[in-house]
*Asks:* 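Input: one structure, supplied below.
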Amino acid sequence: ASMPLPEVSHKRVVLLFDCDCFYAQCEMLEHPEWRKKPLAIKQKYLVVTCNYVARKSGVRKLQSLEDAKLRCPDLIIVDGSDLTKYRAVSMRVFNVLKRFGGAAAKHERLGMDEVFVDVTRAAEEDREDEPRLMGHLFQPDPAAVRAARTLRAELNFREAPAADAKAEQSDSGSEDGDWVRDYRETASPDDAKAALADEQLCDCGCQKRLARASKIAAEARMALFKEIGLTVSCGVSTSKMLAKIAAGLNKPNKQTTLLPQHALALVHALPTRVIPGLGFGVASALRELHPPVFTCADLAREGVRPLERLLRATLKSPPAGLAKDLWQRSLACDTDAVKPFSG
DNA sequence: TAGGCTCACACT
DNA sequence: GAGTGTGAG
């Protein structure tokens with residue numbers, strides 16, 4: 001190991017709110033009669049998004065209109081090239097979310113349909129002894145846990161959650177029944193038990209902070225539904241990357257918590273494209289390598305120096321430090337801060 | 001040296 | 001597609 005291995009503290013708590021099929025939901029707000037019908041939003045000749053009824057028929061994002069109509073002859077198609085309506089709803093979403101996480105929270109917009117919220121401070125406040133975890137908890141299977149352990153050992157990478165000074169201080173499921181379950185109940189008994197299993201406890205207090213954050217997430221999602229009528233998926237974890245990946249695990253209209261001690265078991269087998277900042281170009285170049293680099297574990301084993309060479313060969317002018325950042329993220333370590341007022 | 005501009009690239 | 005944001009130069 002030639003490069004300093006990533007430092008992982010679990011002190012931050014980051015939420016990612018991701019509006020389900022955003023443009024389609026905006027249209028359904030104006031046309032409730034479309035809610036139970038297959039609906040696609042087009043720009044030029046492409047379906048840019050579609051509701052979950054349409055997805056059941058095989059309609060997909062960025063599919064040609066032709067394909068979509070073949071798969072779903074009764075598809076309702078709306079032109080979405082005028083974005084003004086969507087921008088307005090997007091700002092309403094952002095303004096609702098700004099009320100959550102307390103005065104110290106930071107909110108960052110990503111495109112029109114995603115918002116990161118750093119709720120570290122609110123999650124630290126110790127007003128509830130045993131906060132209940134809301135929504136889903138990601139649980140790696142034993143094989144994935146073993147694979148992550150092997151990868152860590154290979155790279156001599158020790159997770160060091162020994163808290164630093166700061167942390168130490170302290171379906172379209174839009175039917176009503178679904179709502180009550182997802183917002184009002186805690187995680188399933190199995191999830192809750194797993195969260196408290198001795199071997200999975202981390203002594204820095206991240207479980208409690210994430211559980212508190214999961215409650216904030218549930219309250220915010222409830223507010224978005226009541227005040228705007230939108231369903232969102234949410235990821236709860238300790239970095240932007242992990243929150244984003246977590247949000248994708250249960251969709252639509254669900255929230256998922258990812259404990260940092262489970263992150264590598266989830267990330268190691270995923271394609272390199274899950275790493276923020278690693279786009280189509282770099283991912284393709286990585287696959288051309290011999291042996292090819294497909295997964296985050298492949299990239300982690302590759303190391304920083306080879307990645308630097310590949311970036312120089314692939315990109316016109318690779319930003320300084322990009323190789324190191326991407327490599328650290330391949331080990332589920334993402335230090336990118338939530339940047340406030342990005343919208 | 002600070003700003004403004006374009007470009008490539010990534011993100012939705 | 002229809003944008004926005006970022007870093008390099």
Side-chain angles (χ1 to χ4, degrees), chain A residues 14-27 39-51 54 59-69 75 77-94 97 106-117 230-235 239-245 247-248 251-252 270-287 296 299 307-308 310-327 329-330 334-343:
Chain A
V14 178
L15 310 181
L16 173 69
F17 294 89
D18 183 343
C19 299
D20 303 321
C21 54
F22 181 62
Y23 292 179
Q25 280 209 83
C26 290
E27 297 297 341
L39 171 67
I41 312 304
K42 69 155 180 169
Q43 279 167 350
K44 298 279 168 70
Y45 60 93
L46 282 179
V47 169
V48 291
T49 193
C50 61
N51 69 5
V59 181
R60 292 287 174 270
K61 285 183 176 184
L62 303 184
Q63 201 170 44
S64 76
L65 268 190
E66 212 175 19
D67 282 4
K69 281 189 220 165
L75 187 63
I77 297 161
V78 172
D79 187 276
S81 37
D82 181 358
L83 304 183
T84 45
K85 182 165 38 178
Y86 310 138
R87 276 194 259 264
V89 178
S90 175
M91 284 315 299
R92 292 183 64 199
V93 169
F94 191 62
L97 289 177
K106 286 166 282 188
H107 298 73
E108 176 182 357
R109 248 155 56 96
L110 185 56
M112 275 196 272
D113 68 334
E114 296 190 12
V115 179
F116 287 102
V117 188
L230 282 186
T231 68
V232 307
S233 298
C234 184
S239 71
K240 287 164 75 171
M241 170 178 161
L242 295 179
K244 166 95 184 178
I245 292 173
K251 277 187 161 188
L270 299 180
T272 57
R273 277 306 305 274
V274 304
I275 296 171
L278 196 160
F280 181 84
V282 175
S284 312
L286 285 168
R287 285 195 301 267
C296 289
L299 182 55
L307 181 55
E308 267 168 357
L310 178 135
L311 293 179
R312 278 198 302 272
T314 307
L315 304 177
K316 292 288 176 157
S317 53
L322 181 61
K324 192 184 147 213
D325 287 349
L326 299 181
W327 177 75
R329 286 174 197 157
S330 76
D334 172 34
T335 57
D336 190 27
V338 177
K339 295 162 198 74
F341 310 127
S342 177

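All chains are named by letter (A, B, ...) in the order of the sequence lines, taking the proteins before the strands, and each is independently numbered beginning at 1. Just so it is clear, the values below take in all heavy atoms, side chains as well, and ignore hydrogens, waters and symmetry mates.
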*Asks:* For A/Asp20 and B/dT12, what is the distance between atoms CG and C1' respectively, to the nearest whole Å?
*Replies:* 15 Å
*Asks:* Please write out the pairs of protein N or O atoms and N or O atoms of nucleotides 2-6 of chain B separated by less than 3.5 Å, giving the distance to one decimal.
*Replies:*
none

*Asks:* Look at the side chain of A/Leu315 and decide which nucleotide, out of C/dG3, C/dG1, B/dA10, has an atom nearest to it.
*Replies:*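 That would be B/dA10.
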*Asks:* CG of A/Asp336 versus C1' of C/dG7: gap in Å, rounded?
*Replies:*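 After rounding, the gap between these two atoms is 13 Å.
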*Asks:* Test your reading of the model: is there a side-chain donor-acceptor pair from A/Asp113 to the backbone of A/Phe22, 3.5 Å cut-off?
*Replies:*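 It does not hold such a pair.
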*Asks:* When you measure from the side chain of A/Lys44, which nucleotide among B/dT12, C/dA2, B/dA8 comes out closest?
*Replies:* C/dA2
*Asks:* Where the side chain of A/Lys316 is concerned, which of C/dA2, C/dG1, B/dA8 is the nearest nucleotide?
*Replies:* B/dA8
*Asks:* Whole Å only: how far is the CZ atom of A/Arg109 from the P atom of C/dT4?
*Replies:* 10 Å
*Asks:* Over how many whole Å does the gap from A/Phe22 atom CZ to C/dT4 atom C1' extend?
*Replies:*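 Whole-Å distance recorded here is 15 Å.
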*Asks:* Using heavy atoms and a sub-4.0 Å distance, could you list which residues of residues 272-282 of chain A are near DNA chain C? By number, please.
*Replies:*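 Nucleic-acid contacts, sorted: none.
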*Asks:* Round to a whole Å and report the spacing from CG of A/Asp325 to P of C/dT6.
*Replies:* 15 Å
*Asks:* Could you tell me whether the phosphate oxygens of C/dA2, OP1 or OP2, come under 4.0 Å of any side-chain nitrogen or oxygen in A/Arg87?
*Replies:*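 For C/dA2, OP1/OP2 do not have a side-chain N/O of A/Arg87 under 4.0 Å.
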*Asks:* Applying a 4.0 Å non-hydrogen cut-off, can you work out what A/Thr314 is touching in the nucleic acid: base, sugar-phosphate, or nothing?
*Replies:*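 Sugar-phosphate contact only.
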*Asks:* What is the distance, to the nearest angstrom, from the CG atom on A/Asp79 to the P atom on C/dA2?
*Replies:*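 Taking atom P of C/dA2 as the reference, CG of A/Asp79 is at 9 Å.
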*Asks:* Listed by chain and number, what are the salt bridge (Lys or Arg N to Asp or Glu O under 4.0 Å) partners of A/Asp18, not counting sequence neighbours?
*Replies:*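 Listed in chain order: A/Lys251.
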*Asks:* Give every donor-acceptor pair under 3.5 Å between a side-chain atom in residues 86-93 of chain A and any protein atom, sequence neighbours left out.
*Replies:*
{"residue": "A/Tyr86", "atom": "OH", "partner": "A/Glu27", "partner atom": "OE2", "Å": "2.6"}
{"residue": "A/Ser90", "atom": "OG", "partner": "A/Arg109", "partner atom": "NH1", "Å": "2.5"}
{"residue": "A/Ser90", "atom": "OG", "partner": "A/Met112", "partner atom": "O", "Å": "2.7"}
{"residue": "A/Arg92", "atom": "NH2", "partner": "A/Glu227", "partner atom": "O", "Å": "3.1"}

*Asks:* Under the rule for side-chain hydrogen bond (donor to acceptor under 3.5 Å, both in side chains), what residues qualify as partners of A/Asn51, not counting sequence neighbours?
*Replies:*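 Here no residue qualifies.
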*Asks:* Quick one: list whatever passes side-chain hydrogen bond (donor to acceptor under 3.5 Å, both in side chains) with A/Ser317, sequence neighbours left out.
*Replies:*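 Checked A/Ser317 against side-chain hydrogen bond (donor to acceptor under 3.5 Å, both in side chains); zero matches.
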*Asks:* Can you tell me how far CD of A/Gln25 sits from CD1 of A/Ile41, rounded to the nearest 0.5 angstrom?
*Replies:*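 Atom-to-atom, A/Ile41:CD1 and A/Gln25:CD are 11.0 Å apart.
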*Asks:* Does A/Lys244 have any salt bridge (Lys or Arg N to Asp or Glu O under 4.0 Å) partners at least two apart in sequence or in another chain, and if so, which?
*Replies:*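 Counting only residues at least two positions away or on another chain, A/Lys244 forms a salt bridge (Lys or Arg N to Asp or Glu O under 4.0 Å) with A/Glu114.
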*Asks:* What is the distance, rounded to the nearest whole Å, between atom CG of A/Leu62 and atom C1' of B/dT12?
*Replies:*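 Rounded to whole Å, this separation is 11 Å.
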*Asks:* If you look only at distance, which donor and acceptor atoms sit under 3.5 Å apart when one is on a side chain in residues 273-286 of chain A and the other is two or more places apart or in another chain?
*Replies:*
{"residue": "A/Arg273", "atom": "NE", "partner": "A/Leu278", "partner atom": "O", "Å": "3.2"}
{"residue": "A/Ser284", "atom": "OG", "partner": "A/Phe280", "partner atom": "O", "Å": "2.7"}

*Asks:* NZ of A/Lys240 versus P of B/dA10: gap in Å, rounded?
*Replies:*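 A/Lys240 atom NZ is separated from B/dA10 atom P by 17 Å.
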*Asks:* Give the nucleotide from the list B/dC11, C/dA2, C/dA8 with an atom nearest to the side chain of A/Ala320.
*Replies:* C/dA8
*Asks:* Side chain of A/Gln43: nearest nucleotide among C/dA8, C/dA2, C/dT6?
*Replies:* C/dA2
*Asks:* Please check: side-chain N/O of A/Gln43 versus main-chain N/O of A/Val48, any donor-acceptor pairing under 3.5 Å?
*Replies:* no
*Asks:* By salt bridge (Lys or Arg N to Asp or Glu O under 4.0 Å), which residues pair with A/Asp67, not counting sequence neighbours?
*Replies:* none
*Asks:* Please determine, for the side chain of A/Ser317, which listed nucleotide (B/dC9, B/dC11, C/dG9) has the closest atom?
*Replies:*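 The closest nucleotide is C/dG9.
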*Asks:* Please tell me which of the listed nucleotides, C/dG3, C/dG7, B/dT12, lies nearest to the side chain of A/Lys244?
*Replies:*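 The closest nucleotide is B/dT12.
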